[in-house]
J.: 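Right, I'll just put the structure down here and ask away after.
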Amino acid sequence: MSPAIQNQSSSFAMAIALLRRDLLLVYRRRSDSVTVLVFFSIVVSLFPLGVGADPTMLRLIGGGVVWVAALLSAMLSLPRLFSSDFADGTLEQLVLSPQPLALTVGIKCLAHWLATGIPLALMAPLLGLQFGLDSDALWVLSLGVLMGTPILSLIGAVGTALTLGLRGGNLLVALLVLPLNIPVLILGAGAVDAAQSGLGAGAHLSLLGALLIMTLIGAPFAAASALRISLD
Amino acid sequence: MSPAIQNQSSSFAMAIALLRRDLLLVYRRRSDSVTVLVFFSIVVSLFPLGVGADPTMLRLIGGGVVWVAALLSAMLSLPRLFSSDFADGTLEQLVLSPQPLALTVGIKCLAHWLATGIPLALMAPLLGLQFGLDSDALWVLSLGVLMGTPILSLIGAVGTALTLGLRGGNLLVALLVLPLNIPVLILGAGAVDAAQSGLGAGAHLSLLGALLIMTLIGAPFAAASALRISLD
Amino acid sequence: MQVNWFKYAAPANFFPLAGKIYPWFYVFAALLAVAGMYIGFFVAPTDFQQGEAYRIIFIHVPAAWMSMFLYLVMAFYASLGFIFNTRLSSMMARAIAPTGAMFTFLALWTGSMWGRPMWGAYWVWDARLTSELILFFLYIGFMALQAAIDDPRRGDKAGGVLALVGAINVPIIYFSVKWWNTLHQGSSINLTRAPSMASIMLWGMLLMALSFWMYSIAVILSRVQCVIAERERRAAWLQHIEPHTT
Amino acid sequence: MPKGTDLLQLNKLACVKGERLLFSGLSCEIPSGSLVRVTGANGAGKTSLLRMIAGLSEPAAGEIVWKSQNTRLSRSEFLQDILYLGHASAIKDELLPAENLMANCTIQGEAFSAPEVHAVLEELGMGERLDVESLSLSAGQRRRIALARVWLTHRPLWLLDEPFNALDVKSVEQLCLQISYHVGEGGICLYTTHQPVDIVSNRQLTIPLDAFCQPAKAQSDPSVLNGLIL
Amino acid sequence: MPKGTDLLQLNKLACVKGERLLFSGLSCEIPSGSLVRVTGANGAGKTSLLRMIAGLSEPAAGEIVWKSQNTRLSRSEFLQDILYLGHASAIKDELLPAENLMANCTIQGEAFSAPEVHAVLEELGMGERLDVESLSLSAGQRRRIALARVWLTHRPLWLLDEPFNALDVKSVEQLCLQISYHVGEGGICLYTTHQPVDIVSNRQLTIPLDAFCQPAKAQSDPSVLNGLIL
Ligand code: HEM
Ligand SMILES: Nc1ncnc2c1ncn2[C@@H]1O[C@H](COP(=O)(O)OP(=O)(O)OP(=O)(O)O)[C@@H](O)[C@H]1O
Ligand SMILES: Nc1ncnc2c1ncn2[C@@H]1O[C@H](COP(=O)(O)OP(=O)(O)OP(=O)(O)O)[C@@H](O)[C@H]1O
Ligand SMILES: [Mg+2]
Ligand SMILES: [Mg+2]
């Protein structure tokens, strides 16, 4: 085997091993995933309390509220992406790994999405139900969250990587990441609305898909350089 | 001077000194306070993007949205209450201080409120304006946030104290604190609604005041015992 | 040796140049502003629909233009600084951000001042307004990030990454916001923007825009001078190791 | 001011962590003027013991008596007599070194003037770094600021958990001198360290925690109890 | 396996932190089989130097050459040759000790079987504590897990920043033995510590960072340069 090939195959094996480690951590911290879900539900439930319980109005704002809450929940779970690794020195080791850093970042985002994105997508229709969304809209909501959350994780990775070790990091991440995620929110909530008003949600969802692909290609590299900068 | 009196006066001096230290930290971290404000505005602005731009609907939900966002912002700034003190060992020293721990907690909450609560109260009417609330409602909104945020800080102190050093602490705090703050949300948002519909907001606000006094009396002690437990 | 000394030298050379030229831009800015204001307030006729209030347009529109233009320039410099590691570009980006944020704020503020008489509300969730607001958040994010980082080198690089990501995102945000608003039912208040702008008004606006532009250059140059001066203290003794390393 | 008549008594202390009994039957009298080194392998329970004495955690059994009073009952007086410095340095990144030191004293109800504080930091070799935020200090420089309280305080009972960690040779010497001055004046110092250091003192005790690991053994075997005071 | 022909060259390195020049003109050749102790007072820049060599930060001037290649240019090969252990232990509270160790190896692209990993941990005296989450370990126990990589890895160039911190006497000895075995086999080890330790090795060098603090002096005064290799 030529060294190049050997290197590649071992790089793949390493990626798998890294994913397994991250998933093990997710499993050990499974209460965290539950917490994200509960936070999600609480935020969604705050709204009827804040804005009043008129069912027609709730049906109108339902999709948007669930989406905003999903965005906030995904954002609040971001510190787990890198912060603990940064604090305990694992991040230094990741940067010093012979593995390409962007790949490592991608793997960590994948694990993060499995731990938060999928649960959120499963939970979203349940919460949508509370607002009286119809079944088409619920499907679209769930699918949208499923496609949107990886974008949130990836853009969030860039944001957290940039703010590692800075004071007020948590809020700063929100500041950097929320505006960048507005397209996801608009497309996602727009899809629900379109589904509810009988127009197809296809256009919205395919735009979301395009956004996902773009982010998948670009964000890991941006996050990797951000990590290097933060450790300097 | 009898020892008891001497002790008391020095305890007061200590309280002042402690407040000064906390305010110095707030000053050094002043960008944090700005960040809270910006986070607040971003979250508020997310809603129209999610639920649509219909002005009449926005006017209806405005008060509720601003209140929910204020609650979330106050909550996100909670880690600053004790977490950094816990991580760097200052908390051990605070617990070992001859000063009553509940007083220390109260002082930290005061500093936290000065740094986040007051800015939020000043910002709230501006954001309410975006939703087309009328000027009466804006006053009530601001006053409500001013009275509500100390409650959020105090209850938040109990929550953070309980979750110090636990994994996923951030989200866990949200979980503990958000439900406890629902009365504040209902009263605050209710006051805005009442003001907008021409009924007086007096009843809501005085209930909020009563809640504030109760919390002021009880929460510092609860937080102090929670701190002791977390350090054990 | 490996050290790229012009990297340090360039800002030092730029410093006196910036110092020499920036006062002139203040002069240009003032002259153009006077001309623009004159046209705006004395030459342009009173609008039959909007009365005198419409004259706010001479500040509002140029400010809105500058806010967007400056973001592009800032992102350009920041990414240049990040990709080619040219220190001066990063400093320029750092110097542009506050001015850009200021113009964004000005556009928002004058717009909402104008909105009150026009629409009866300080704010409506129109696509253009919303994207201007998001632009404001992006500026603040950039500035907050750089303010949070003490080490200037790290701050420059981090700002570069953020600006790059932001620059790719801005068109996406812009279109999605536009789309968001047009997809929903039309907002109940129709924005009647002056349909065919009188050419005299256009002139006034152009002059004001030029004036804002000159002002931006002046402010940015003087600010970048401060940034250089601040780092010069460091560069001064960095020169010390130069003889040993080359 | 340390007085010459203080006495710290540990009475059959036991420590349980999780489901493990770390040590038990730990009894010991520490008169004023003693320098007590707590020894034991990693994980023996040194940190746990010091935290227990300071009152940060409660003993599973036994009691701690200071000036003939159970410290749990006379907690507020006890707190005015102790100085506890743990693994963590209690240094805020945003504050200058002097501000940090003053804040740490403030928290403990001790007030010192800026010149006093500066003088101590100068003596500890922090003179050049007084004007930078503590964020950018090295590991040892942070430790020094934390330890500087040792030069300022007048409390009789010191509990120092691995104080020499990360310190360079000169700082270690300075700290040793200060400790021996303190016990010379009639104070008490309990400390842990894995480094070989020698601190001058007339009355040196050792608490060999390893010996208390098997509760049965510690109780029955008198030689262990005798071994307590070397 | 460490080979006998590796060479690490530091070429006129300079380090700038914030607005301060920590050291400059640091040149030094480190052939395989060398044990290099980086000395200097607190804040001299030891940690900064090791991080720079590992490539975590960039030198303000100068270059680092490994096997005749600038490490910035041949970064990915260089990374396969180094083992860097810093102040932080990279231990996850939620993982068992063995899982932690394996994860840390995984990250570096080294795979070991469970028995291998367990054997090392047993040897380091972690035998009893293999079944508890690392959260509840003591300071020294965490360090041991982090350092266990030293027994497993085959990388030639070790960079150890204060590895002896928090370790008890026995662990310090074990680590010293392992280091001397490594350099005996032709490896290189750069380490920092403030403790007096003696590690057996034929070729011991010192990099006295304090001597490189004044750039002018370091260059002009030949005695300093000679002092480099003790
Ligand atoms: C806070 C409120 C407002 C904001 C944030 C805002 C923002 C903007 C922006 C970003 C532009 C530049 C758009 C472009 O060139 O494509 C603009 C242009 C303009 N705005 Fe506003 N605006 C606000 C309120 C108003 C109001 C109340 C009016 C008058 C009814 C108004 C009238 C105009 C006009 C006439 C233009 C120039 C139109 C053009 O060049 O296409 N704006 N505004
Ligand atoms: N961002 C910064 N700005 C200014 N000075 C800094 C910055 N970062 C580090 N320093 C200074 O650089 C010096 C080197 O720190 P470093 O951690 O390398 O020291 P060290 O030799 O490892 O010390 P120790 O023995 O205490 O671990 C310290 O004096 C520190 O104050
Ligand atoms: N919650 C817990 N559950 C189980 N075991 C625990 C728990 N907390 C601590 N321990 C164990 O208690 C022991 C004592 O820890 P401690 O920190 O007191 O040791 P130490 O003597 O200070 O060691 P070091 O020299 O490493 O600092 C350790 O073996 C640790 O594993
Ligand atoms: Mg310990
Ligand atoms: Mg160091």
Side-chain angles (χ1 to χ4, degrees), chain A residues 60 64 151 154-159 161-194 197 199 201 203-204 207-208 210-211 214-215 217-232, chain C residues 71 75 78-79 81-83 85 90 97 101 104 125 127 130-185:
Chain A
L60 271 178
I151 309 185
L154 285 162
I155 293 188
V158 181
L162 281 173
T163 58
L164 281 175
L166 301 184
R167 321 173 196 134
N170 245 350
L171 273 166
L172 200 57
V173 171
L175 199 65
L176 301 182
V177 163
L178 284 181
L180 293 180
N181 280 332
I182 283 176
V184 179
L185 172 67
I186 289 176
L187 291 174
V192 178
D193 265 9
S197 59
L199 315 164
H204 288 91
L207 273 174
L208 204 55
L211 205 59
M214 268 182 52
T215 322
I217 295 174
F221 293 93
S225 5
L227 282 182
R228 287 228 176 72
I229 293 166
S230 289
L231 282 180
D232 195 347
Chain C
Y71 190 87
S79 14
F82 174 66
I83 296 168
N85 204 11
S90 305
T104 318
W125 291 92
T130 307
S131 47
E132 186 76 0
L133 185 65
I134 297 171
L135 186 66
F136 187 59
F137 291 146
L138 289 178
Y139 272 120
I140 299 282
F142 183 85
M143 285 160 57
L145 180 64
Q146 293 208 320
I149 302 177
D150 293 325
D151 182 5
R153 232 176 25 148
R154 182 182 160 189
D156 284 348
K157 288 186 191 166
V161 172
L162 183 65
L164 203 63
V165 173
I168 295 168
N169 247 292
V170 161
I172 298 175
I173 293 174
Y174 182 75
F175 284 113
S176 65
V177 171
K178 225 173 166 154
W179 201 39
W180 156 72
N181 195 264
T182 46
L183 264 191
H184 282 273
Q185 85 283 20

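Lettering follows sequence order; numbering is per chain, from 1. Predicted model only: the values in this text are computed from it and were never measured.
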J.: Can a donor-acceptor pair be found, under 3.5 Å and without considering hydrogens, that links the side chain of C:Ser79 to the backbone of C:Leu164?
T.: no

J.: Does any backbone or side-chain atom of C:Phe175 lie under 4.5 Å from a heavy atom of chain A? Answer side chain, backbone, both or neither.
T.: neither

J.: For the side-chain contact (heavy atoms from CB on, under 4.5 Å) test, which of A:Leu211, A:Leu180, A:Asn181 pairs with C:Asn169?
T.: A:Leu180

J.: Select, from A:Leu178, A:Thr215, A:Leu187, A:Leu176, the one with the greatest count of heavy-atom pairs under 4.5 Å involving chain C.
T.: A:Leu176

J.: Can you confirm whether A:Leu162 sits close enough to A:Ser230 that some side-chain heavy atom of one is under 4.5 Å from a side-chain heavy atom of the other?
T.: no

J.: Please state whether the side chain, the backbone, both or neither of A:Leu207 comes within less than 4.5 Å of a heavy atom of chain C.
T.: side chain

J.: Would you mind telling me which of A:Thr163, A:Ile182, A:Leu185 has the largest number of heavy-atom pairs within less than 4.5 Å of chain C?
T.: A:Ile182

J.: Give the member of C:Leu135, C:Val165, C:Ile173 that has the highest number of heavy-atom pairs under 4.5 Å with chain A.
T.: C:Ile173

J.: When you compare the side chain of C:Ile149 with that of C:Arg154, does any pair of heavy atoms fall below 4.5 Å?
T.: yes

J.: For A:Ile229, is it the side chain, the backbone, both, or neither that has a heavy atom closer than 4.5 Å to a heavy atom of chain C?
T.: both

J.: Can you find a pair of side-chain heavy atoms, one from A:Leu166 and one from C:Leu145, that are under 4.5 Å apart?
T.: yes

